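Since we're looking at a predicted model, the values are computed, not measured. Proteins come first, then strands; the chains are lettered A, B, ... in the order of their sequence lines, and each starts at number 1.
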There are 2 protein chains.
Amino acid sequence: MARAATTSDVFNAIAEPQRRDILLLLRDGERPATAIAEELGLSQPGTSKHLRVLREVGLVDDRRDGRQRVYRLDARGLEPVHEWAGGFERFWNESFERLDAYVQDLKRNGSAQ
Amino acid sequence: MARAATTSDVFNAIAEPQRRDILLLLRDGERPATAIAEELGLSQPGTSKHLRVLREVGLVDDRRDGRQRVYRLDARGLEPVHEWAGGFERFWNESFERLDAYVQDLKRNGSAQ
DNA sequence: GCATTGCTTTCCCATATGGGAATATGATGC
DNA sequence: GCATCATATTCCCATATGGGAAAGCAATGC
């Protein structure tokens, strides 16, 4: 089975740095494909391929405008990612991590022995 | 170049569903490798490989306990993921998405013309 | 229709990766 | 040392994927 396809799993789609960059860029507003390639310094075909992945996974929208194809962010698909990662929030807040480690240490070594 | 290795990029490391499952499981407390494999119904070698990836990318910690190797969550590496996704929060809150689409429509078609 | 601009798709290649099977390594008990 | 349990690693294979180059399409202007 392997990993779910980049075109069907948001987590996998955003595992590629360039695609994350594209999403960040589109946060500032829609853009035609060429502009995206230029602003990020990517090849035109490469950009097109990444945009296709993002489109199929539903993170961007596109519409024609003359001969240009304008891409727009549709970040709703990122909410599950945010929530998933948020489920671990307590592990990086309030030095919970260190506290937990301390407790684990106590459990297996005992403190005053 | 391609995608950053699963062992060096947290986004890529968590792009694999089974590794996400392992992390969720470890949220409830540390466990020896075999227990993880059993609870998730994964093969022993497969689990070991996933754990190695998670270890190398820093999302889990491990320690020996007799002949067992106990794995513990270290989710601090997930904070960047949470923040990154959180940067898109306004797009799924307050129907900002629809408002934006509406504005874009106005811009290119004009409403009362 | 034809040339041009703006993208998308196709080819082909190199590599990363997950899976299963088999093997190796480490720790414990006798 | 030897058997055994708990894991890790190695092999090999099938596939997903990103990249570059080249070709294919669509829309526009003349």
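- Judged by distance alone, with hydrogens and angles left aside, Gln44(B) brings a side-chain donor or acceptor within reach of the base of dA8(D), the pair sitting under 3.5 Å.
- Around the CZ atom of Arg69(A), the shell of radius 6.0 Å holds more than 12 heavy atoms that belong to other residues, nucleotides or ligands.
- Put simply, Thr6(A) has a side-chain N or O that comes within less than 4.0 Å of OP1 or OP2 on dT17(D).
- Using a 4.0 Å cut-off, some side-chain N or O of Tyr71(B) falls inside it from OP1 or OP2 of dA8(D).
- Between the CG atom in Leu51(B) and the CG atom in Leu42(B) there is a gap of 9.0 Å [rounded to 0.5 Å].
- Applying the salt bridge (Lys or Arg N to Asp or Glu O under 4.0 Å) criterion to Arg67(B), with sequence neighbours excluded, gives no partner residue.
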Contacts under 3.5 angstrom, residues 20-29 of chain B side chains, donor-acceptor by atom type, not counting sequence neighbours:
unit_1   : atom_1 : unit_2   : atom_2 : d
Arg20(B) : NH1    : Ile14(B) : O      : 2.7
Arg27(B) : NH1    : Gly87(A) : O      : 2.9

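- Distance from the side chain of Arg64(B) is smallest for dG26(C) among the nucleotides dG26(C), dT17(C), dG18(D).
- Taking the side chain of Arg19(B) as heavy atoms from C-beta on, and the options dG6(C), dG18(D), dG18(C), the nearest nucleotide is dG18(C).
- Applying a 4.0 Å cut-off to non-hydrogen atoms, the residues of residues 46-58 of chain A that approach DNA chain C are Ser48(A), Lys49(A), Arg52(A), Arg55(A), listed by residue number.
- At a threshold of 4.5 Å between non-hydrogen side-chain atoms, the residues Leu78(A) and Val10(A) count as touching.
- When heavy atoms are screened at a 4.0 angstrom cut-off, Pro32(B) is found touching the sugar-phosphate backbone but no base atom.
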Full working for ring pair (Phe, Tyr, Trp, His ring centres under 6.0 Å) between Trp84(B) and His82(A) | CA-CA 8 Å; Trp84(B) 184 83; His82(A) 189 246; over 10 Å; no
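- Considering only side-chain N and O atoms, Gln18(B) lies under 4.0 angstrom from the phosphate OP1 or OP2 of dG19(C).
- Take Val70(A) and apply the side-chain contact (heavy atoms from CB on, under 4.5 Å) test, not counting sequence neighbours, and it matches Glu30(A), Arg63(A), Asp65(A).
- With DNA chain D read from its 5' end, the first of the two nearest nucleotides for Asp65(A) and Asn12(A) is the one closest to Asn12(A).
- For Tyr71(A), there are no ring-ring contact (aromatic ring centres under 6.0 Å, His included) partners at least two apart in sequence or on another chain.
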Dump every N/O contact between nucleotides 2-4 of chain C and the protein below 3.5 Å, one line per pair.
unit_1 : atom_1 : unit_2   : atom_2 : d
dT4(C) : O2     : Arg67(A) : NH1    : 3.3

